[in-house]
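Lettering of chains follows the sequences in order, A, B, ..., and the numbering in each one begins at 1.
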There are 4 protein chains.
Amino acid sequence: MLDAAVRVFSRHGYHGASMDEVAERAGISKPMVYAYLGTKEELFIACLHREATRMMEAIAGAAVPDLPADERLWHGLRAFFGFVGAHRDGWAVLYRQARAERAFADELAGMRARIVEVVVGMLDHALRAEGREVAETELEVVAYALVGATESLGDWLADHPEADPEKTATRMMNVAWLGAGQLLHGVTWHPPER
Amino acid sequence: MLDAAVRVFSRHGYHGASMDEVAERAGISKPMVYAYLGTKEELFIACLHREATRMMEAIAGAAVPDLPADERLWHGLRAFFGFVGAHRDGWAVLYRQARAERAFADELAGMRARIVEVVVGMLDHALRAEGREVAETELEVVAYALVGATESLGDWLADHPEADPEKTATRMMNVAWLGAGQLLHGVTWHPPER
Amino acid sequence: MLDAAVRVFSRHGYHGASMDEVAERAGISKPMVYAYLGTKEELFIACLHREATRMMEAIAGAAVPDLPADERLWHGLRAFFGFVGAHRDGWAVLYRQARAERAFADELAGMRARIVEVVVGMLDHALRAEGREVAETELEVVAYALVGATESLGDWLADHPEADPEKTATRMMNVAWLGAGQLLHGVTWHPPER
Amino acid sequence: MLDAAVRVFSRHGYHGASMDEVAERAGISKPMVYAYLGTKEELFIACLHREATRMMEAIAGAAVPDLPADERLWHGLRAFFGFVGAHRDGWAVLYRQARAERAFADELAGMRARIVEVVVGMLDHALRAEGREVAETELEVVAYALVGATESLGDWLADHPEADPEKTATRMMNVAWLGAGQLLHGVTWHPPER
DNA sequence: CATGAATGAGTCTTCATTCAT
DNA sequence: TATGAATGAAGACTCATTCAT
């Protein structure tokens, strides 16, 4: 039943979607939709939740903690793009929709916070292995940027059905790792003197 | 009058905004809003357009072509984050809103295409200077990732009024340049053999 | 089971009450409610009926015919206010609800007619004892007024949990009897000449 | 426009009435109804208010304070029944409807409180003229009973289009005044010793 | 016998959009 | 030109009522 909702939301957007259509597509009557999942808002949150959970599981299952940092990142990215590629419909739109409505900000923020946290952990771990240490906030911003870049490519992927998820993951890995790799080695960039 | 619209759209989102409120905030009557800017959709596009133009101008004005690649990127980023910091209200929300509605996809795609194109040019130019060459598509994806990361941090900045735009720009530069720098030197990453 | 219904109706009103709540409060399933008592309307009528019957019985049991008129009235009133005081919840609301819906008008009219008839009989009996006689319609209107006043005080009592039913009965008796008493003695009032 | 609403509410009751019908009967479109009078609830309150005001004015205009108590009462009653007779449709139903819904209790209570207050004042004035004095609460209850009886006859009148308002007023006056008259003279009734 | 599950029908309410002034 | 007034259309949500189990 959530499948139907996800499809409808992804086709017409949160506001464009009508509960009538959700019900119809799900093959049940409107009151049932309300009985099972409550309000339109709650329904959307449920969708968001399920997709987020699935995605997180896909990633977590791939990026197991005992791999070296680069491989872990790589597997994580591959899982992510693989997921988006397979759920083009669902993910990108839920993501875009969720960003637009204040009401879902929390849900979304939580979801992203979990990912950022993982990435921060990954970076921190790798840094310590190099005998270096960086303030948490710094790492967070870097992680945020990486996640953002990844989401962005995910969005791009969702819009390009012909694109290959694996290849996209490789490209992202290049950008992310070579950048992160340099940072890990203590190379940093500074604004030029004025 | 667009100012009023931007404010209203940014407060309540595209759908949450009512033409009544736009008119009231603009101090004119609703039929005038329609006379001057047409449909709600057109109005929103007009807002989007203006903000995009302003932003592009701010960036273009800072990232002049005759600077070396890294400085050019740096000034561009600084201009971008400066703009977002100064228009927190407007930018992030217009951006988020625009992503949510299919109707604005084109507008948005165009706006982003222009930026990606610039970044691609920048990378290409720098590569040639190094005597190297890379397929356009490859560059595009990298550029896309960089732009995505930047937008993402822009979003983050818009949500953190206390954050410093300049510092954010520096962080982004680190992620972007050190990664891009490596790429420019021909270093690339490959998926591990299975 | 009716108890549950009465409670629900009295809390939320006829329209505000949902069959779901009735069923839940009664501890049975909705189809059973329908099986035993039919439609919501019929259910309400059943409630009305039971409450009316109980009340009539309480009054009839107290106002036995072989008492002198004033004592009979007094005992009737006392029984009435006693009943309302003890069933504050049920009575007043059923009464108010029933008045609002055309569908229950008949039921209610019947119930009141029975009381009015009793009062008319009482007055008539007393009048005849005084050797006087008055047109039936006249008596009916007087009876109607008395009943109305009584119902009204009943309502008031239902809204004032701290008030004493017995005292209220006494007050009503004062109004009713002194008025009725005068009438019984042939004293009547006429509109002033213009 | 309120006329239309009153008519619809009186025909179908508060719940049975649909805003569609109100709009249609008023000859305007639904959004206009909402623009002018807001919510269904507010609309009903507006009706209630207007009818109450009109009625109070009718009564106040007739029962001028400088008349002797009985004449004042008489004129008040006549005005009341005259009003109800002329607005059968409106009054009775508004009154019945208003009683049924908790939401209107306040409005109604206020309206009745004003009347009771007037009657209390009238009784008090008359009592003092007789050199007697009675606790306010006592008077209030008596007044309440009188008002209730009157409302009740009003209801009866509303249901009997063929009945004569003037005659009804006379009857009510008989009940009210002879009763009140006795009370004024200090005659009271006491429960029999057990 | 009892019920969980299902629904058709209908309500209030809102808003983008446009005449007539 | 500018607007106050008006509306068609649509959507979320609820509930009395009934099968199939």
Side-chain angles (χ1 to χ4, degrees), chain A residues 1 5 8 12-24 26-44, chain B residues 1 5 8 12 14-24 26-44 103, chain C residues 1 5 8 12-24 26-44 103, chain D residues 1 8 12-24 26-44:
Chain A
M1 166 156 43
V8 173
H12 306 295
Y14 175 66
H15 282 100
S18 83
M19 295 299 268
D20 277 287
E21 193 179 347
V22 171
E24 192 186 3
I28 59 179
S29 74
K30 228 187 327 176
M32 280 300 95
V33 177
Y34 279 90
Y36 286 137
L37 296 164
T39 284
K40 188 184 187 182
E41 193 174 313
E42 289 166 344
L43 171 58
F44 187 83
Chain B
M1 166 156 49
V8 173
H12 306 296
Y14 175 65
H15 281 100
S18 82
M19 295 298 268
D20 277 287
E21 193 178 348
V22 170
E24 191 187 3
I28 60 179
S29 77
K30 235 185 323 174
M32 281 301 96
V33 176
Y34 279 88
Y36 287 139
L37 295 164
T39 284
K40 190 185 188 182
E41 194 175 312
E42 290 165 343
L43 171 59
F44 187 82
Chain C
M1 165 154 49
V8 173
H12 306 294
Y14 175 65
H15 282 100
S18 82
M19 294 298 268
D20 277 286
E21 193 178 348
V22 171
E24 191 187 4
I28 60 179
S29 76
K30 235 184 325 172
M32 282 300 96
V33 177
Y34 279 88
Y36 287 137
L37 295 164
T39 285
K40 188 184 189 185
E41 193 174 312
E42 289 166 345
L43 171 58
F44 188 84
Chain D
M1 167 156 43
V8 173
H12 305 296
Y14 175 66
H15 282 101
S18 83
M19 294 299 267
D20 276 290
E21 193 178 348
V22 171
E24 193 184 3
I28 60 179
S29 73
K30 232 188 322 177
M32 279 300 95
V33 177
Y34 278 89
Y36 287 136
L37 295 165
T39 285
K40 189 183 188 183
E41 194 175 314
E42 289 167 345
L43 171 58
F44 187 83

Q.
With rounding to the nearest 0.5 angstrom, report the OH to NZ distance, C/Tyr14 to C/Lys40.
A. 5.5 Å
**Q.** Gap between atom NZ of B/Lys30 and atom CD of B/Glu24 - 0.5 Å precision
**A.** 11.0 Å
**Q.** Heavy-atom closest contact (C/Ser29 atom, C/Ala23 atom, distance)
**A.** C-CB, 4.0 Å
Q | Side-chain N,O (B/Thr39) to OP1/OP2 (E/dA16) below 4.0 Å | A | no
Q) Do D/Met32 and D/Met1 come close enough that some side-chain heavy atom pair is under 4.5 Å? A) no
Q: Give the rounded distance in Å between these two atoms: CG of B/Leu43 and C1' of E/dC15.
A: 15 Å
Q: Rounded to the nearest angstrom, tell me the gap between atom CG in B/Leu37 and atom P in E/dA16.
A: 15 Å
Q. Do you know which two heavy atoms are closest between C/Val33 and C/Met19, and how far apart they sit?
A. CG1-CE, 4.0 Å
(Q) Does any part of the side chain of B/His12, heavy atoms only, come nearer than 4.5 Å to the side chain of B/Val8, both counted from C-beta? (A) yes
Q.
On DNA chain E, compare the nucleotides closest to B/Tyr14 and D/Gly16; which residue's is nearer the 5' end?
A. D/Gly16
Q | Rounded interatomic separation in angstrom, taking CG from A/Asp20 and P from F/dT14 | A | 14 Å
Q. Which part of the nucleic acid, if any, lies within contact of D/Ala17, taking any heavy atom under 4.0 Å across all strands shown: a base, the sugar-phosphate backbone alone, or nothing?
A. sugar-phosphate
Q. Is it true that atom CD of D/Glu21 has more than 12 heavy atoms of other residues, nucleotides or ligands lying nearer than 6.0 Å?
A. yes
Q. In whole angstroms, how far is the P atom of F/dG11 from the CZ atom of A/Phe44?
A. 18 Å
Q. Could you spell out the base pairing of DNA chain E in dot-bracket, with Watson-Crick or G-U pairs whose two distances are under 3.5 Å, [ ] crossing and | to another strand?
A. .||||||||||||||||||||
Q.
Would you say that C/Leu37 contacts C/Glu42 through its side chain, given a criterion of any heavy-atom pair below 4.5 Å between the two side chains?
A. no
Q) Please give, in whole Å, the distance from F/dG4 C1' to B/Glu24 CD? A) 15 Å
(Q) Heavy atoms within less than 4.0 Å of DNA chain E: which residues of residues 27-36 of chain C have one? Give them sorted by number. (A) C/Ser29, C/Lys30, C/Pro31, C/Met32, C/Tyr36
Q | Distance, rounded to the nearest Å, where D/Met19 contributes CE and E/dT14 contributes C1' | A | 13 Å
Q: Take the protein atom NZ of D/Lys40 and the nucleotide atom C1' of E/dG10, then report the distance between them rounded to whole Å.
A: 11 Å
Q: Would you kindly give the NE2-to-C1' distance between B/His15 and F/dA12, to the nearest whole Å?
A: 15 Å
